[in-house]
Structure formats: structure tokens, C-alpha cells
Student: 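Just passing along the structure, written as C-alpha cells.
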There are 2 protein chains.
Amino acid sequence: MSEHLSSFNKVAVIGTGVIGNGWIARFLAQGLDVVAFDPAEGAQERTQKALDQAWPSLEKIGLAKGANRNRLTFMPTIEEAVYEADLIQENVPEREDLKKSVLATIDTYAKVDAIIGSSTSGIMPSVLQAGLKHPERLVVAHPFNPVYILPLVELVAGNETDTNVINRAKEFYASVGMKPLIIQKEIEGHLADRLMEALWREALHLVNDGVATTEEVDAAIVYGAGLRWAQMGPFLTFHLAGGEKGMRHMLEQFGPALKLPWTKLEAPELTEELKEKVIIGCESHANDTTIAELENKRNAFLVELLDLVESYWPETTAAK
Amino acid sequence: MSEHLSSFNKVAVIGTGVIGNGWIARFLAQGLDVVAFDPAEGAQERTQKALDQAWPSLEKIGLAKGANRNRLTFMPTIEEAVYEADLIQENVPEREDLKKSVLATIDTYAKVDAIIGSSTSGIMPSVLQAGLKHPERLVVAHPFNPVYILPLVELVAGNETDTNVINRAKEFYASVGMKPLIIQKEIEGHLADRLMEALWREALHLVNDGVATTEEVDAAIVYGAGLRWAQMGPFLTFHLAGGEKGMRHMLEQFGPALKLPWTKLEAPELTEELKEKVIIGCESHANDTTIAELENKRNAFLVELLDLVESYWPETTAAK
């Protein structure tokens, strides 16, 4: 793990759900001082539990010098949480009005040169920064669960974001062991969630139409494309499937298939029946295994997988 | 690797492109006698080259007793290729008329109890079997590239397919080290390609709209969701993202997002401009690395990855 930049000594995490706690774990493991705020009752206890869960994986990955769980402090207000922070990571629920209100408070009390990163998975930064006193220092910095292991973070600038801020944000997230990917154009859902959402909507259709159970959908991924996607994205995968001529041959051969009525055109109605199908499918798939046990298994796997892929990377230089 | 069933001693592979050659490599490594047919000039040489490429990975995975590259014989006609075969794997180009014509020839000369597996990625088995003399022994058996490493094979029965044939096919593909997934309902594109196609179409849109380059799309997958998908499909992944309450919480929280205009509704027009963008994107992404070098790297990675995931599987019992 690289050393964090000296200009980002203290970070604030606002909102400590699954994503916020993931950031806290990553930042602490990277040797940073972390200040947190969440208005919910029992938030501090849940964060400690989340750290208990994450820490063994982080130790296995390797803690940075000075990394210490005790370097986390909860504050009773946003004002107190952000006023000394060099970077503020916002992770409140995905509602535009709530995010805008919290961001306005952060904006009011944060140091003027502090960067505000929003973990929003779908809202565009131009929407979030509109009306702030210092909109130029807001960027979307969207991570992936588990935030303390998965390296991807999407960085998206809004209309008012300063170029220098995006560059400093990129340096910061790289310094905490991540692969920052700057998205060229802001759209709802950014980039990765657009891709995941397309697959997700189709998966819901297939379950809804009785083609497969949730477990069968998962099996169709993990035993096939999923193994490839841990190393290569859809484009390079198809480049290899085209034989000697690569993607050129692939598009000649399979281009016409894009005209076929494969994939549904809209997301299915999320009826009670479909909801139950999906929920029961997952619960019976997980069987008697608790979420925590599944997480432990996932973490152990991902840590080893990361070691493995490191020796085969970089397959891409797009996210450095 | 498990021993192959004694009732499938000789298999025929009709059509030796990337997929046909992948089957040949897998079958030979599993200690089977393989008879092949392909009308194209130079087909035998290309198969030998493909075997040169695949064999080191297969040795690393572990060859079955009696496995030998010399147990492959090319025949000058389909008739001679199939007449002694217990299972015939059809892999001719993805055109309905061509497939139906080749399958009719196979059907005429194959032993009456031989199983015919079609590698079609999209055509429904009921369409392929219509008009055959023995339609009851045709199944879709759709594999994933590289066929000699990836374990998934989708088995799809048509209206006229005998239940016993599907069960025997399942036993056969499991006996050659695969994870056969029986698809409950035939649709164009079966199951896995529906999912991949949804992601692929969206990826093409994102490139077309200038949101990302092909390499950035790939990065958005490999550094995030792709690492998860090597172990868990979209459903179990989201089950874990929902916290303690799993998928139930996830759907409550993100269900409304299905109404958002995320993901495009149709595949983009594959214009010359888009085609070039995609092709050039892949070629520059691959840089000076040849397809063969990329394949070697991919194979070495996948072999190690399979070892790794084996120790964490089964995450699903849907594909046994």
C-alpha cells in the first residue's frame, strides 16, 4: 500500500452505513485520522462491529504505518466533524434533497480548500454542487462494496468542479490504495453502475419470466463470465473471443445479434411477487449462512484474489 | 477432474473454430477419443495450433488418465465423423439455416442413441430440432470461451427433447469437468448470454455516447464488480450489500432506482464510427501484445483463479 499524501492528514466520514463504514475501515488501515458523524442511534457501535469484520482482511492486505483503529473519533455534529478535515467523504442515503442539505452543511463548515467527495451511486455532481458556496471542490467519488478491499473508485466532476480538485482527489484516492477512474462525462449512474444495472435489470427479468432462479442466474455468472471479468472487462474479453483478428472479427460475426430481441428493453415492474421471489431466492441460496459468515468468506476470497490478479495486472492502464 | 462416463467413449466435434477447438482440447485432456470435421482449408493445422495454445494450461489443471493429443482424428465427411460417436458437439457458425442443414446430416448418420449437443449461443433448441428424424436427442450445450478452462455449460431442452437425454447430457458434461446448468425455459440467448448481452449493449452505448473508452469500461468492471463476479453473481452480491437484512433491505433501498432512466433501452446502431471506436479501442488497449500472448496470460490467470475459487466454492449449488 502506498503512503497517503501528507496534505490529507485528516478525513471526515459523514454517514456511517455500509459504505461509510467501509471508507472508515480503509482510511484507518491507511494510517489516517478519521472523524465521523452519523445521527442514527447506535451508529458508533455498528461502526465498531463493521471494523471488527473488516480488520482481519485489512491486516492480511497489510496495514500502513501508524494505522490504528483508535484514530477514529465520532463527533456529535457535522460542523465539528468537518472543520479540520482535508477531505470529507459524504455517504448519506441516496436521496437528492437529503444529500444536498447535508452537503450544504458540510460546505458551510469545511475548510475552503478541503475536498468534498460524495459516494453517490447515481446522482450527478452538477446537481449536488448547485447552490454550494464552494461548488468547485465537490466531486463524486463512488466506491464499491466492500470499500476496504475493492480498489475501484469512480471520480466524476460536475460543471463547476475545479480541474485541480479532480487531480488532487485522484492523488488522494490512489494514495489510499485505490484505482481512481475519472469518468469523462457525467451521467446518472456514472459508468460502473450503468453496466451493473443493465445486467441487474436483465437478471430481474429472467427471474420474473421463470427462465431461472436467482441462484441459477448467479451460477450462470460465477462459472462463466464472472471468472473472466475478474481479469478483463467485456471489451477485451470479446477481443479474445474473436480469434486472431480480435474485436474486428467479433463485431463482424456478432454485430447482427445486436438487432435480435435479446435482453429486455425496460426494467420489470417490481411487483410484490417478484420482490418475494428475489428475496426468498437469495435467502434460500444463502441457506443458514449468516451475512457475516458470507462476508468473511467473501473477504478471504477477495484478498487472495487480489494477490493473484496483481501478478497479472495491469490488463488496463485506464485506472491507475 | 472426474473420470468420463464409460458410455461416452468417442465424441465428435463438428466445426472447429474457436469454440470447436476449445471442445476438442477439453475432450482430449479428459482422455476421450475425438473425431473432428471441418470443411475449411487449413482447419487441421489451426486445430493443432489451438491445441499447442491450450495444452500447457490443461497440463497444469491435470490431464485425465490416457489423455493424449494423438487421440484426435479428422474425417473428410460429417458422415464418417459421427457414425461411431456417442456424443456429437456441433459448432458451426451461428446461422439458423446452416446449423439446421448440418444437424440434419448429423442426425442422418449418427447412432440413434447418440446425443447431439449444439454449441449455439442464441438459437432455441426447438428451432434446431424441428424436422430431425430423432429430435429427442438434441440439446443445446452452450459453453464459454475458453471452453477448455471455463466450467459453465448451459443445457437447454427443446419441446421434443427427451428428459432422459438432458439427464445423460448433464452427466456427460459433468464427467468432463464442467458445471452443467440446466435452463428451465428456452429463450433466444439462453441465460448467460442474455446477461452478458445486456451489459455488452450498455457498454456499447457508453462508448458511443462518449462517457468512456472501451478501456475505461473494462477498468470499471475489472477493478470493481468483476472481482466480485468471479465468486458471486449479481443476486448474492446485492444480498451482501444490503447489510444485515440482505436483499430485503437492498430492494427497499434501491428498488425505486429501477424506475430511473439508467441503462439504455435498445442496443445502439452499430455505425461504422462506433465499430471503429470499439475496434481501435481494443487494439490500442491490447497495445503490442498479440492475441496469443493475451491468451497465455489469461489462461495462466484462470488456472490459478480456478484453484483459488475451488477452495471457496460452492457459493451456489445450482450448477453441480
Side-chain angles (χ1 to χ4, degrees), chain A residues 18 144-145 150-152 179 181 185 187 189 191-192 194-200 202-203 210-212 214-227 229-231 233-236 239 241 243-244 247-248 251 255 258 262-263 265 267 270 275 279 282 301 304 308 312 316 318-319, chain B residues 18 144-145 150-152 179 181 185 187 189 191-192 194-200 202-203 210-212 214-227 229-231 233-236 239 241 243 247-248 251 255 258 262-263 265 267 270 275 279 282 291 301 304 308 312 316 318-319:
Chain A
V18 171
F144 296 80
N145 187 49
L150 290 195
L152 184 64
K179 303 279 184 185
L181 179 64
K185 197 169 160 178
I187 54 171
L191 173 57
R194 285 266 171 161
L195 298 165
M196 282 194 275
E197 182 79 10
L199 190 142
W200 172 238
E202 186 66 17
V211 175
T214 58
E215 193 170 350
E216 287 164 350
V217 166
D218 278 5
I221 294 295
V222 297
Y223 293 115
L227 292 174
W229 283 331
Q231 187 193 26
F235 284 103
L236 206 60
H239 191 46
E244 295 267 320
M247 180 59 82
R248 196 170 290 276
L251 286 185
L258 288 174
W262 288 14
T263 78
L265 305 185
L270 198 58
K275 276 169 87 168
I279 292 162
C282 284
F301 169 84
E304 287 194 55
L308 177 60
Y312 291 93
T316 170
Chain B
V18 171
F144 295 81
N145 188 49
L150 290 195
L152 184 64
K179 302 280 183 184
L181 179 64
K185 196 169 158 178
I187 55 171
L191 173 57
R194 287 265 172 164
L195 297 165
M196 283 194 274
E197 182 78 10
L199 189 140
W200 172 237
E202 186 66 16
V211 175
T214 57
E215 193 170 352
E216 287 165 350
V217 166
D218 279 5
I221 294 296
V222 297
Y223 293 115
L227 292 174
W229 282 331
Q231 188 192 25
F235 285 103
L236 207 60
H239 191 47
M247 180 60 83
R248 196 170 291 277
L251 287 185
L258 289 175
W262 288 13
T263 78
L265 304 184
L270 198 58
K275 276 170 88 168
I279 292 162
C282 284
I291 297 285
F301 170 83
E304 288 193 56
L308 176 60
Y312 292 93
T316 168

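Below, chains carry the letters A, B, ... as their sequence lines are ordered, and counting in each starts from 1.
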Student: Over all heavy atoms of both residues, which pair between Ala198(B) and Glu202(A) is shortest? Give the atoms and the distance, please.
Tutor: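 So the minimum-distance heavy-atom pair works out to CB-CB, 3.7 Å.
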
Student: Of all the heavy-atom pairs spanning Ala219(A) and Leu152(B), show the shortest one and how long it is.
Tutor: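 Shortest heavy-atom contact: O-CD1, 4.1 Å.
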
Student: Of all heavy-atom pairs between Pro234(A) and Val217(B), which one has the smallest distance, and what is that distance?
Tutor: CG-CG1, 4.1 Å

Student: Counting only heavy atoms closer than 4.5 Å, note whether Leu191(B) contacts chain A via side chain, backbone, both or neither.
Tutor: both

Student: Specify the closest pair of heavy atoms between Met196(A) and Ala225(B), including all atoms of both residues, with the distance to one decimal.
Tutor: SD-CB, 3.5 Å

Student: Quick check for you: to the nearest 0.5 Å, what is the distance between Leu195(B) atom CG and Ile221(A) atom CD1?
Tutor: 4.5 Å

Student: Out of the candidates Tyr223(B), Trp229(B), Trp200(B), only one should pair with Trp229(A) under the ring pair (Phe, Tyr, Trp, His ring centres under 6.0 Å) rule; please name it.
Tutor: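 The option that passes is Trp229(B).
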
